[in-house]
Amino acid sequence: MLTALRDLAWLKEQIAYLDYPKGIIYGCKLRVENQHISIGPGQIKCRDYVFLLGEEERIEYVSTQNYVSLKFKVREREEFSGYIRYKTCFFLDASLELLDDEVELCRFKLKDGARLRTEYKDFYDIQTEYDTLNLAHATWSAADGNSLSKEVTDFFARKVLACEEAGEGDPQFAYLLLQSREAVRTELLKITLWEKQDKNKKKTLCQKMPFTS
């Protein structure tokens with residue numbers, strides 16, 4: 001009975017994310033401590049399989065003058081009678097290219113004597129070249145394709161809510177970003193950006209037209 005319930009729970013997870021591309025589904029929050037990058041619990045889809053990461057993992061890092069990528073990798077897949085066994089790992093890779101069995105969590109460059117940081121001053125600081133965990137290229141999975149990192153969209157949402165001059169509809173969009181545990185759909189991000197750009201263009205056009213108040 002317990003085995004059947006366990007298998008049912010596993011099957012529901014696989015079916016729920018059947019159409020998702022490879023990438024982080026939720027969780028896997030990164031933090032830096034004592035020359036280590038810690039990866040929190042979460043879910044990652046890779047090689048058409050959803051992996052549940054129940055414990056925190058730690059990776060030691062060193063200074064580097066070139067970008068290195070923190071990746072999740074499916075090292076091996078073995079089929080047995082009645083089950084399949086996967087062997088996975090986290091590792092730092094000097095190659096920024098992703099193989100079919102790899103998912104990127106972040107990348108960074110680190111100067112000698114410096115320390116990595118995960119605190120960002122503003123939205124653009126997320127892509128600072130040195131000494132910062134860059135999440136812009138992280139492989140996040142959403143229902144309609146790969147999307148932006150949940151950490152990135154959450155950071156943006158908090159900045160919007162803290163801004164006294166937020167535009168019409170911006171706070172509602174920010175709350176939508178924060179309430180989901182998964183990455184937001186790419187389509188929703190694109191539609192919101194298009195609408196925002198369209199409003200700005202119309203506003204600029206009206207300001208340039210003569211005889212407008």
Side-chain angles (χ1 to χ4, degrees), residues 20-46 50-75 88-142 145-163 174 177-186 189 193:
Y20 281 51
K22 75 171 182 178
I24 303 166
I25 294 174
Y26 69 82
C28 300
K29 186 176 179 63
L30 303 177
R31 63 185 181 87
V32 177
E33 184 180 25
N34 299 328
Q35 294 298 120
H36 286 80
I37 302 174
S38 295
I39 306 110
Q43 276 191 334
I44 294 178
K45 183 174 182 180
C46 193
V50 178
F51 295 90
L52 175 62
L53 312 174
E55 298 180 354
E56 185 177 79
E57 300 277 351
R58 284 163 56 87
I59 298 292
E60 186 176 8
Y61 68 86
V62 295
S63 60
T64 171
Q65 294 303 310
N66 298 309
Y67 272 115
V68 294
S69 173
L70 173 58
K71 297 178 179 180
F72 170 87
K73 182 180 182 67
V74 179
R75 292 169 46 209
T88 66
C89 67
F90 290 98
F91 72 107
L92 293 174
D93 192 358
S95 172
L96 300 182
E97 294 185 12
L98 286 178
L99 302 179
D100 291 339
D101 56 1
E102 296 176 348
V103 167
E104 178 172 326
L105 285 82
C106 70
R107 62 181 61 174
F108 63 89
K109 286 182 183 180
L110 183 64
K111 295 178 181 178
D112 290 336
R115 68 176 185 88
L116 276 176
R117 62 186 179 91
T118 56
E119 300 81 24
Y120 309 107
K121 300 173 184 177
D122 54 41
F123 195 65
Y124 301 100
D125 191 33
I126 292 174
Q127 293 199 73
T128 297
E129 184 175 4
Y130 282 98
D131 311 332
T132 305
L133 285 189
N134 186 331
L135 306 174
H137 304 277
T139 317
W140 275 78
S141 180
N146 289 117
S147 186
L148 283 176
S149 160
K150 174 69 172 157
E151 293 289 317
V152 171
T153 56
D154 280 0
F155 181 83
F156 169 77
R158 293 188 182 97
K159 286 294 184 182
V160 168
L161 294 176
C163 178
L177 294 176
L178 290 172
Q179 73 180 7
S180 174
R181 73 170 185 174
E182 299 177 12
V184 66
R185 287 172 176 260
T186 309
L189 287 174
L193 289 174

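Keep in mind that what you see is a predicted model, and the values were worked out from it rather than measured.
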Legend entry - Atom pair SG/CD1 of C46 and I25 - distance to nearest 0.5 Å: 11.0 Å
Inset, instruction - Under the side-chain contact (heavy atoms from CB on, under 4.5 Å) rule, what do E104 and L98 come out as? Steps first, then yes or no, please. - result: CA-CA 7 Å; E104 178 172 326; L98 286 178; 4.1 Å; yes
Legend entry - Whether over 12 other heavy atoms sit under 6.0 Å from R58 CZ: yes
Inset, instruction - Mind listing the closest non-hydrogen atom pair of A183 and A142 along with its distance? - result: O-CB, 4.0 Å
Legend entry - Atom pair CZ/CZ of F91 and F72 - distance to nearest 0.5 Å: 10.5 Å
Legend entry - Short side-chain to backbone donor-acceptor contact, S141 and P21, under 3.5 Å: yes
Extract all donor-acceptor atom pairs below 3.5 Å that involve side chains of residues 154-161 and protein atoms in other chains or at least two apart in sequence.
| residue | atom | partner | partner atom | Å |
| --- | --- | --- | --- | --- |
| D154 | OD1 | K150 | NZ | 3.0 |
| K159 | NZ | K121 | O | 3.3 |

Inset, instruction - Check each of D93, V103, T139, L96 against K71 using the side-chain contact (heavy atoms from CB on, under 4.5 Å) test, and report the only one that passes. - result: D93
Inset, instruction - Name all residues meeting the side chain to side chain donor-acceptor pair (under 3.5 Å) criterion together with E182; count only those two or more places apart in sequence or in a different chain, and write none if there are none. - result: Y17, Y20
Legend entry - With E56 via salt bridge (Lys or Arg N to Asp or Glu O under 4.0 Å) - residues at least two apart: R31
Inset, instruction - Considering non-hydrogen atoms only, spot the tightest contact between L105 and C28 and give its length. - result: CD2-CB, 4.4 Å
Legend entry - Test item: S149 side-chain N/O and E151 main-chain N/O as donor-acceptor pair under 3.5 Å: yes
Inset, instruction - Look at the side chain of T64 and the backbone N and O of N66, then say whether any donor-acceptor pair between them is shorter than 3.5 Å. - result: yes
Legend entry - Heavy-atom pair with the smallest gap, counting every atom of F108 and L92: CE2-CD2, 4.0 Å
Inset, instruction - Kindly say whether I126 contributes a backbone atom to a donor-acceptor pair with the side chain of T128 at under 3.5 angstrom? - result: no
Inset, instruction - Provide the closest heavy-atom pair for Y120 versus L133 in the form atom of the first, atom of the second, distance. - result: OH-O, 2.7 Å
Legend entry - Selection residues 122-134 - residue pairs positive for salt bridge (Lys or Arg N to Asp or Glu O under 4.0 Å), sequence neighbours left out: K109-E129, R117-D125
Legend entry - side chain to side chain donor-acceptor pair (under 3.5 Å) partners of D101, counting only residues at least two apart: K73
Inset, instruction - Kindly check if the number of other-residue, nucleotide or ligand heavy atoms within 6.0 Å of CD (Q65) is above 12? - result: yes
Inset, instruction - Just jot down the side chain to side chain donor-acceptor pair (under 3.5 Å) partners of D112, sequence neighbours excluded, or say none. - result: S63
Inset, instruction - Measure from the side-chain N and O atoms of N146 to the backbone N and O of W140, and report whether any donor-acceptor pair falls under 3.5 Å. - result: yes
Inset, instruction - Check whether any side-chain heavy atom of S147 sits under 4.5 Å from a side-chain heavy atom of V184, and report yes or no. - result: yes
Legend entry - Rounded distance [0.5 Å steps], CD in E57 versus CG in L70: 10.5 Å
Legend entry - Heavy-atom pair with the smallest gap, counting every atom of N134 and Q127: ND2-CA, 3.8 Å
Legend entry - Spacing of CZ belonging to R107 relative to OG belonging to S69, to within rounding of 0.5 Å: 6.0 Å
Legend entry - I39 side, atom CD1; L53 side, atom CG - distance, nearest 0.5 Å: 9.0 Å
Legend entry - Atom pair CD (Q35) and CD1 (I59), whose distance is rounded to the nearest 0.5 Å: 14.0 Å
Legend entry - Nearest heavy atoms of I37 and L30, plus distance in Å: CG2-CD2, 4.3 Å
Inset, instruction - Please answer whether the main-chain N or O of L99 pairs with a side-chain N or O of E102 as donor and acceptor at a distance below 3.5 Å. - result: yes
